[in-house]
Structures are given as C-alpha cells and as structure tokens.
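When a residue number appears, it is its place in the shown sequence, counting from 1.
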Amino acid sequence: ALVLSVTAVFTTACLLYGQRVVVDNNLTQTLQSDHPVTAANMHADVHLGGIIALEVDLEGEAESLKRPDVIAALLDLERELLTRPNVPEATSPASWVALLHQATMGTYEAPESSAAAAQFYLLAEGDPSFLRQINPDYSKGRMRVSMQDEGGRRFEEESLTVQRLLDQHL
C-alpha cells in the first residue's frame, strides 16, 4: 500500500509539473553547431530565403485571382510580410503578375484590368512552377511564405500572424 501511495503521489507530481515543460523544435539546433547540415541550414536561412515554408491556400470564385483589387491586396500582404524580421520571402500568383507587369510596363504592381492580368497569367503559364501555384479557373492559388528556422513556437506565431494579415487584406 505504501508503494502504491508513493507511486500515485510521484505520478501526480510528474503530471502536474510536466505540463509546464516547454518543447520547441528547432531544426537548425538538432545537430551540433559545427555539423555540415547545420551550417547549410544556417546559410539557407540567411542567404537563400529560409528553410521553413508556410503554404497558404487562397480560394475564391472563378477568375477571382485575375481581379486587379485581389492582385493588389495580395501584393500588399506580401510587402507587409516581408517587413517581418524572419520572413525573407513571400510569393503568390500575384507576384508573377507584378513581375511580368514590371518587365513589360516598368512598375512592380497590379495591372489596371482583369484582361491585362489574364495576359500576364498567360505568359506565366509557360513556367511549370507557376502552374503548381494556381488552378486553371483562377479560383484557387497558393502563397508561399518562407521563414528562418526559429523553432516550432515561432512558426505557430507567424502562422497566426499570416492568417490575421490575410483576413485584413482580403
């Protein structure tokens, strides 16, 4: 009976104090700091746009991603995300349109009409990586937000921030 009582008290104490333990996974800190994989991760974080990606699914009505106001809102969202210290890259189908607009018109911005957006999308369709970001009726797309590896808790915080900003912009 004494052994069972001690075991019950010990188990209860472990359960109560175990809830206070903070677990935070950080891929870069899994291996030794001088390990080649750690060095490569650090290099990718600093120089290549981060090693952690948050994929955001965008969904609307057919042709909605051709609308200039939606494209402009996505570009504004990308700009705001890029002001965050651990977000070196944010891209969406709107990025393609703005890049093609810049190449042809000289400015990185949303086109003035859906017809112009359709022409830019037609040009982008020649790249297979673009086709993985959008569906054929332009109702669904994917935004990619790259982040530096600052741990799982930071990733969760940034995910919530992205959702909040997405709700504000769209």
Side-chain angles (χ1 to χ4, degrees), residues 18-30 38 40-103 105 107-118 120-121 123-125 127-170:
Q19 294 175 355
R20 296 181 182 177
V21 174
V22 176
V23 176
D24 193 8
N25 297 325
N26 186 313
L27 297 175
T28 305
Q29 295 177 357
T30 303
T38 301
N41 285 349
M42 296 294 285
H43 182 78
D45 262 353
V46 173
H47 301 289
L48 301 175
I51 63 170
I52 305 296
L54 173 64
E55 301 283 337
V56 179
D57 288 330
L58 309 166
E59 187 172 346
E61 298 173 6
E63 307 285 314
S64 60
L65 288 172
K66 289 183 180 178
R67 289 183 17 213
D69 61 319
V70 172
I71 294 168
L74 287 170
L75 292 173
D76 288 343
L77 173 60
E78 290 173 17
R79 283 186 201 100
E80 188 164 350
L81 288 170
L82 291 172
T83 65
R84 304 198 55 79
N86 69 325
V87 178
E89 184 178 323
T91 60
S92 72
S95 307
W96 289 82
V97 172
L99 281 171
L100 290 167
H101 189 276
Q102 183 176 27
M105 308 300 283
T107 56
Y108 185 90
E109 63 186 7
E112 293 183 14
S113 69
S114 295
F120 291 127
Y121 278 132
L123 288 170
E125 286 175 2
D127 190 318
S129 62
F130 170 75
L131 296 174
R132 290 190 295 270
Q133 287 189 0
I134 200 156
N135 72 338
D137 74 352
Y138 294 90
S139 65
K140 297 178 184 175
R142 177 161 290 165
M143 173 181 266
R144 184 176 198 274
V145 181
S146 298
M147 296 181 225
Q148 295 175 340
D149 182 15
E150 295 181 354
R153 289 182 176 270
R154 181 75 169 146
F155 179 81
E156 286 182 27
E157 291 170 9
E158 287 299 323
S159 298
L160 293 173
T161 298
V162 169
Q163 182 61 54
R164 180 181 52 78
L165 292 172
L166 189 61
D167 291 344
Q168 285 177 1
H169 287 273
L170 296 172

> The criterion is salt bridge (Lys or Arg N to Asp or Glu O under 4.0 Å); which residues satisfy it with E157, sequence neighbours excluded?
R154

> At their closest point, which heavy atom of S64 faces which heavy atom of E61, and how far apart are they?
OG-O, 2.7 Å

> List the residues meeting side-chain hydrogen bond (donor to acceptor under 3.5 Å, both in side chains) with S139, not counting sequence neighbours, and say none if there are none.
N135, D137

> Going by the salt bridge (Lys or Arg N to Asp or Glu O under 4.0 Å) test, which pairs reach into residues 159-170, not counting sequence neighbours?
none

> For S146, check side-chain hydrogen bond (donor to acceptor under 3.5 Å, both in side chains) against everything at least two apart and list the hits.
R144

> For residues 84-93, pull every pair meeting salt bridge (Lys or Arg N to Asp or Glu O under 4.0 Å), keeping only residues two or more places apart or in separate chains.
R84-E158

> Under the ring-ring contact (aromatic ring centres under 6.0 Å, His included) definition, can you give me all pairs with a residue in residues 63-92, not counting sequence neighbours?
none

> Which residues pass the side chain to side chain contact (heavy atoms under 4.5 Å, CB included) test with E156, not counting sequence neighbours?
none

> Can you name the side-chain hydrogen bond (donor to acceptor under 3.5 Å, both in side chains) partners of Q168, sequence neighbours left out?
none

> Looking at OH of Y138 and CZ of R67, how far apart are the two atoms once the value is rounded to the nearest 0.5 Å?
16.0 Å

> Give every donor-acceptor pair under 3.5 Å between a side-chain atom in residues 71-80 and any protein atom, sequence neighbours left out.
from: D76; atom 1: OD1; to: R79; atom 2: NH1; distance (Å): 2.9
from: E78; atom 1: OE1; to: S95; atom 2: OG; distance (Å): 2.8
from: E78; atom 1: OE2; to: S92; atom 2: N; distance (Å): 3.2
from: E78; atom 1: OE2; to: S92; atom 2: OG; distance (Å): 2.5
from: E78; atom 1: OE2; to: S95; atom 2: OG; distance (Å): 2.8
from: E80; atom 1: OE1; to: H169; atom 2: NE2; distance (Å): 2.8

> When you measure from the side chain of Y121 to the backbone N and O of L65, does any donor-acceptor pair fall under 3.5 Å?
yes

> Please name the pair of heavy atoms, one in L58 and one in P93, separated by the smallest distance, quoted to 0.1 Å.
CD1-CD, 4.4 Å

> Quick one: closest heavy-atom pair of A110 and H101, and the distance?
O-NE2, 4.3 Å

> How would you list all residue pairs meeting ring-ring contact (aromatic ring centres under 6.0 Å, His included) that involve residues 79-98, not counting sequence neighbours?
W96-F130

> R142: what forms a salt bridge (Lys or Arg N to Asp or Glu O under 4.0 Å) with it, not counting sequence neighbours?
E55, D57

> Side chains of P128 and R132: closer than 4.5 Å at any heavy-atom pair?
yes

> At what distance, to the nearest 0.5 angstrom, does CD of Q148 lie from CD1 of I52?
10.5 Å

> E112: which residues meet the side-chain hydrogen bond (donor to acceptor under 3.5 Å, both in side chains) condition with it, sequence neighbours left out?
none

> Side chain to side chain contact (heavy atoms under 4.5 Å, CB included) with L81: which of V162, T91, L54, V56?
V162

